[in-house]
Amino acid sequence: MKVLRTQAEMRAEIASQRELKQAIGLVPTMGALHEGHISLVREARSSCDVVVMSVFVNPLQFGPSEDFTTYPRTEDDDLSAAEIEKVDVAFVPSVEEMYPEDRTTAVDPGPIGKILEGAQRPGHFEGVCTVVAKLFNIVQPDRAFFGQKDAQQVAVIKRMTRDLSFATQIVVCPIVRASDGLAMSSRNAYLSAEERRRATCLYAALKTGRDALLSEGVTAAEFKMLEVLRADGLEPDYARAVDPDTFLEPSPDGTVLLVVAARVGPARLIDNLLVTSEVEQG
Ligand code: AMP
């Protein structure tokens, strides 16, 4: 596995792979790898000739009072895991390498970037779009792999890819959960044993929400999700039923996405569940 740290090295590698007509897959991550990330790498490995995994804790997507400085950084472990999964290239740039000190340009995701996660985390999706656009320009992937875990990020990235005419196919991979239902997340590392146990109520809330949605409708689903979260002492930021593409009101006959965000001790966790009329996914 090659470990490349500069844009120039990455571009040179991609140019030579393109000459060999290799299909290139990109898995963007912020490191602290877990089974969720690994599932993306495996999906990329199964459908691309060259798998590039980026590891970059992107300062632009963290608010001033968020966890940028304390976000787990485990580069040696991440590179070992990537090697085991047969990643071809790990792209691990520094902040200085990615962002000129006097950078002024950013990618505006529009209204979808300002609701729900975007409302709770102002500037977050602008930071996400800006770094993903840069990674798409540097790596020029045929396919890029994202987790349904970050459902609003998926909707924002799909929209940006379409609106800005990137030639990259967005592949969405299902949520990987622990055996007790908690969605894998690098931020689970912030939880004590007791908080970790209470955090399982995010998924419990979603399942309760699904049942309420199917029997009683959107308002009942949103109410009951909040109830379940609060019963276990979580502080919910939101619990909503939305359209999975727009994150606005769901259409009455379409797929509904249930989304929750809540604070548990020092961590802020998100989760979601897609509900079609009878079948759940993700
Ligand atoms: P992050 O390092 O948290 O930015 O995540 C990198 C990628 O992994 C994103 O596309 C996430 O949606 C995805 N991811 C994170 N957790 C999971 C999970 N539990 N299941 C599936 N994908 C995930």
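Note that ligands are numbered from 1 as they come in the structure, with each ligand's atoms numbered from 1 the same way. Everything numeric here is computed off the predicted structure, so don't read it as measured data.
Counting only distance, with no hydrogens or angles, the side chain of Arg159 and the backbone of Pro109 share no donor-acceptor pair below 3.5 Å.
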Side-chain atoms of residues 222-236: list all donor-acceptor pairs with protein atoms under 3.5 Å, sequence neighbours left out, distances to 0.1 Å.
{"unit_1": "Glu222", "atom_1": "OE2", "unit_2": "Arg240", "atom_2": "NE", "d": "2.9"}
{"unit_1": "Glu222", "atom_1": "OE2", "unit_2": "Ala241", "atom_2": "N", "d": "2.9"}
{"unit_1": "Lys224", "atom_1": "NZ", "unit_2": "Glu216", "atom_2": "OE2", "d": "2.9"}

Please produce the table of protein N or O atoms sitting under 3.5 Å from N or O atoms belonging to ligand 1, one pair a line, distance to 0.1 Å.
{"unit_1": "ligand 1", "atom_1": "2 (O)", "unit_2": "Met30", "atom_2": "N", "d": "2.9"}
{"unit_1": "ligand 1", "atom_1": "2 (O)", "unit_2": "His37", "atom_2": "NE2", "d": "2.8"}
{"unit_1": "ligand 1", "atom_1": "5 (O)", "unit_2": "His37", "atom_2": "NE2", "d": "3.4"}
{"unit_1": "ligand 1", "atom_1": "10 (O)", "unit_2": "Gly147", "atom_2": "N", "d": "2.9"}
{"unit_1": "ligand 1", "atom_1": "12 (O)", "unit_2": "Gly147", "atom_2": "N", "d": "3.3"}
{"unit_1": "ligand 1", "atom_1": "12 (O)", "unit_2": "Gly147", "atom_2": "O", "d": "3.1"}
{"unit_1": "ligand 1", "atom_1": "12 (O)", "unit_2": "Asp150", "atom_2": "OD2", "d": "2.6"}
{"unit_1": "ligand 1", "atom_1": "16 (N)", "unit_2": "Met184", "atom_2": "O", "d": "3.4"}
{"unit_1": "ligand 1", "atom_1": "19 (N)", "unit_2": "Val176", "atom_2": "O", "d": "3.0"}
{"unit_1": "ligand 1", "atom_1": "19 (N)", "unit_2": "Met184", "atom_2": "N", "d": "3.4"}
{"unit_1": "ligand 1", "atom_1": "19 (N)", "unit_2": "Met184", "atom_2": "O", "d": "2.9"}
{"unit_1": "ligand 1", "atom_1": "20 (N)", "unit_2": "Val176", "atom_2": "N", "d": "2.9"}

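Within a 6.0 Å radius of CD in Glu249, other residues, nucleotides and ligands contribute 12 heavy atoms or fewer.
Using a 4.5 Å cut-off between side-chain heavy atoms of Ile, Leu, Val, Met, Phe, Trp and Tyr, Val176 falls into a hydrophobic cluster with Met184.
Heavy atoms only, all atoms of each residue included: Asp49 and Ala23 are closest at OD2-N, 2.7 Å.
Applying the ring-ring contact (aromatic ring centres under 6.0 Å, His included) test to every pair with at least one member in residues 129-153, sequence neighbours left out, gives these pairs: Phe136-Phe166.
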